[in-house]
Amino acid sequence: MLDINLFRKNIREVAENLARRGFVLDVATFERLEAERKDLQTDTQTLQSRRNTLSKQIGIAKGKGENADALMAEVGGLGDQLAKHEARLAALQKELRAFLLTLPNLTHASTPSGKSEADNLEVRRWGTPRVFSFTPREHNELGEALGLIDFETAAKLSGARFSFLKGGVARLHRAIAQFMLDTHTQKHGYTECYTPYIVNSETLTGTSQLPKFEADMFSVKKGGAEGEGETLYLISTSEITLTNSVADTIIPAESLPIKLTAQTPCFRSEAGSHGKDTKGMIRQHQFEKVEMVQIVHPQKSYEALEELTRHAEAVLQALELPYRVMALCTGDIGFASAKTYDLEVWLPGQNTYREISSCSNCEDFQSRRMQARFRNAQGKPELVHTLNGSGLAVGRTLVAVLENYQREDGSVDIPSVLQPYMGGMTVISSAK
RNA sequence: GGAGACGUGGCCGAGUGGUCGAAGGCACUCCCCUGCUAAGGGAGCAUACGGACAAAAACUGUAUCAAGGGUUCAAAUCCCUUCGUCUCCGCCA
């Protein structure tokens, strides 16, 4: 959520920044709501003040045993008017908040301007794509030929966009996740977390999946599908639970930065992406991800973004998977982010780079929604900055390993750093 | 699932209808005192949103005692609902 004071002081600048995203700010609506709010709030508070004063006088009078009828008559007359004002003010403030909640974050000056994915800026590249002596196959072909990725069974159980892994591939999937967690906890200083997979709507509002992106979420009802209970949601990333862990708290300054990581499933309804990546494991309703979250001092967040991105890169480097780093442009960047780097891994089967991690600095956009603060040098509570990044998407990493490490006979070499997690196995073949 | 207790500021904790935004303590900040180091004295110290101001501070108003609703001229205090915590019982991995 954006700071409402920016709107009061500099709405022009806010509108210009949002326009970089292609977002048209409804200035007229804001100004109408704000003007009405201002008058109404002043009037309401004047009435409240009058009532409070009179009520106090009644108390004093009664304490002395004096007659307070005249005072009570006057304050009684305020009641209706006050109730009306208060109700209207509450409605208005709700409307203003709802308006603010639908606005995306301002983008940082260093985020390149652009309209779409095509305008993203390549920042750097690492590794050289392997030269194959045969035509490399896509992971789904490989997995099915090995008999270790079973999309049919997954479809029978659940429908499209799910996968059922077996044997060496299932184990490789687990090994990848474990390797990532160990890397981040042992080398990068993150605290490993195990978090809920089902959360309430307030939590989702904190990280801004709600109210705007409800269609992307899977929801469940407490008390069963027909239950009367509140609607809860399956997390679409552990950014949600990790970041919201500091919601409504004042963090001691010396505890910053807080660095958290977790491996969780991610559930995405993928509404609006029909026909996109329908083959294979690239776009699934359920996938595992190891997430990194940092809660930092506002002056350190851009430093932290570079660090966090390097942490994600370190995993790709250890796995010896070629990749490139893209600075997302204003037209492609996420709703909550001021600046984002995407890591794109080389997929020889598809002969292209594909997103495998997204590292974002959300500045105070989420912390304002969550009321996550720290005590600054002046002793005053101040909003922290929040960052998150995939470190990495486990399913897509599995895809990348399968495609990059495939042999002509369809078996797959296991990257050396993963072998200890595979009980010393060095290759996955159909025999296993 | 059943029975009961509880939810107050950064923390502990008092407060059952009126001068309570809330005693007291701890922590923290500033000042004073003091050679004996978890010593003493004084002052300050919640948050959010408004108002006014060029702006900040000071000032001032409103709201906030888990959340929401109700009763009342007036609610931390009374009533209802929800959430959470604790204890006991039941069930369960």
Side-chain angles (χ1 to χ4, degrees), chain A residues 1-10 13 30-31 33-101 194 196-206 221-224 227-233 241 244-256 258 295 364 367-384:
Chain A
M1 188 162 66
L2 299 172
D3 185 355
I4 195 164
N5 287 314
L6 280 180
F7 285 74
R8 295 186 179 133
K9 288 175 185 158
N10 267 319
E13 258 178 59
F30 175 80
E31 286 182 339
L33 290 173
E34 173 63 6
E36 195 187 342
R37 186 227 101 229
K38 197 167 173 171
D39 288 346
L40 196 59
Q41 184 163 354
T42 313
D43 292 351
T44 306
Q45 292 188 349
T46 308
L47 285 171
Q48 286 170 328
S49 178
R50 184 73 191 138
R51 180 204 57 199
N52 290 347
T53 310
L54 290 171
S55 290
K56 212 165 254 188
Q57 285 171 2
I58 292 171
I60 292 168
K62 291 206 165 178
K64 291 179 185 162
E66 291 167 4
N67 183 305
D69 288 353
L71 291 168
M72 286 179 68
E74 184 181 352
V75 80
L78 293 176
D80 267 6
Q81 203 187 356
L82 189 56
K84 269 185 208 153
H85 273 69
E86 281 174 343
R88 176 66 194 142
L89 183 62
L92 203 55
Q93 277 171 333
K94 208 170 159 188
E95 210 177 331
L96 262 170
R97 180 175 162 81
F99 175 83
L100 286 173
L101 283 175
Y194 169 80
Y197 302 156
I198 301 177
V199 296
N200 59 34
S201 62
E202 214 167 71
T203 299
L204 287 180
T205 306
K221 265 253 167 69
K222 215 171 174 178
E228 318 264 298
E230 68 169 319
T231 302
L232 297 171
Y233 299 84
T241 46
N244 275 290
S245 67
V246 296
D248 291 315
T249 55
I250 297 177
I251 303 158
E254 62 271 19
S255 303
L256 298 178
I258 296 174
I295 313 294
D364 61 12
S367 58
R368 183 171 295 107
R369 289 168 166 244
M370 293 189 306
Q371 285 303 298
R373 296 171 295 173
F374 74 104
R375 235 169 245 291
N376 65 20
Q378 288 73 47
K380 291 287 166 198
E382 188 182 331
L383 296 170
V384 294

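Here is the naming used below: chain letters follow the sequence lines, and residue numbers restart at 1 for every chain.
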Are OP1 or OP2 of [N] and a side-chain N or O of [X] less than 4.0 angstrom apart?
X: Arg373(A); N: A48(B); value: yes
X: Arg37(A); N: U62(B); value: no
X: Asn52(A); N: G61(B); value: no
X: Lys380(A); N: A46(B); value: no
X: Ser49(A); N: U62(B); value: yes

Q. For Ile250(A) and Asn5(A), take the nucleotide of RNA chain B holding the closest heavy atom to each; which residue's nucleotide lies nearer the 5' end?
A.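 Comparing both residues, the 5'-ward one is Ile250(A).
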Q) Just wondering, are more than 12 heavy atoms of other shown residues or ligands nearer than 6.0 Å to CD in Glu202(A)? A)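 Result for CD/Glu202(A): open.
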Q. Is the count of non-hydrogen atoms from other residues, nucleotides or ligands lying under 6.0 Å from Asp80(A) atom CG greater than 12?
A.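 Counting other residues, nucleotides and ligands, CG of Asp80(A) stays at 12 neighbours or fewer.
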Q) Is a side-chain donor or acceptor of Ser367(A) paired with a backbone partner of Val384(A) at a separation under 3.5 angstrom? A)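 Yes, the answer is positive, given that a donor and an acceptor are paired below the 3.5 Å cut-off.
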Q) Can any side-chain N or O of Asp364(A) pair as donor or acceptor with the backbone N or O of Arg368(A) at less than 3.5 Å? A)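 Between the backbone of Arg368(A) and the side chain of Asp364(A) there is no qualifying donor-acceptor contact (under 3.5 Å).
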For the side chain of [X], counting heavy atoms from C-beta on, which of [options] is nearest?
X: Arg375(A); options: G10(B), A56(B), A74(B); value: G10(B)
X: Met72(A); options: A56(B), C73(B), G61(B); value: C73(B)
X: Thr42(A); options: A74(B), G61(B), G51(B); value: G51(B)

Q: Could you point out which residue of Arg97(A), Lys38(A), Arg37(A) forms a side chain to side chain contact (heavy atoms under 4.5 Å, CB included) with Leu92(A)?
A: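 With Leu92(A) as partner, Arg97(A), Lys38(A), Arg37(A) yield a single side chain to side chain contact (heavy atoms under 4.5 Å, CB included), made by Arg37(A).
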How far does the [atom1] atom of [N] sit from the matching atom of [M], given to the nearest Å?
N: C65(B); M: A76(B); atom1: C1'; value: 5 Å
N: A67(B); M: A63(B); atom1: C1'; value: 15 Å
N: A3(B); M: C73(B); atom1: P; value: 36 Å
N: U34(B); M: G40(B); atom1: P; value: 16 Å
N: G24(B); M: G1(B); atom1: P; value: 44 Å

Q. Which atom names give the shortest non-hydrogen contact between Thr44(A) and Glu86(A), and what distance separates them?
A.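 Nearest heavy atoms, Thr44(A) then Glu86(A): CG2-CG, 3.8 Å.
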Q. At under 4.0 Å between heavy atoms, what does Pro252(A) touch on the DNA or RNA strands: base, sugar-phosphate, or nothing?
A.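 Nothing, no nucleic acid heavy atom in range.
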Nucleotide N/O of nucleotides 13-20 of chain B paired with protein N/O under 3.5 Å:
{"from": "G18(B)", "atom 1": "N2", "to": "Ser55(A)", "atom 2": "O", "distance (Å)": "3.1"}

(Q) Could you check whether Asn200(A) and Thr203(A), counting side-chain N and O atoms only, form a donor-acceptor pair closer than 3.5 Å? (A)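 There is such a pair between these side chains.
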**Q.** For RNA chain B, the dot-bracket pattern of Watson-Crick and G-U pairs whose distances stay under 3.5 Å, | for other-strand partners
**A.** ((((((((.[[[..)..(.....]]].(((((.......))))).((((((.......)))))).[[[[[..)....]]]]])))))))....
Q: Enumerate the residues from residues 82-93 of chain A whose closest heavy atom to RNA chain B is under 4.0 Å, giving them by residue number; use none for an empty result.
A: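 Correct list: empty, so none.
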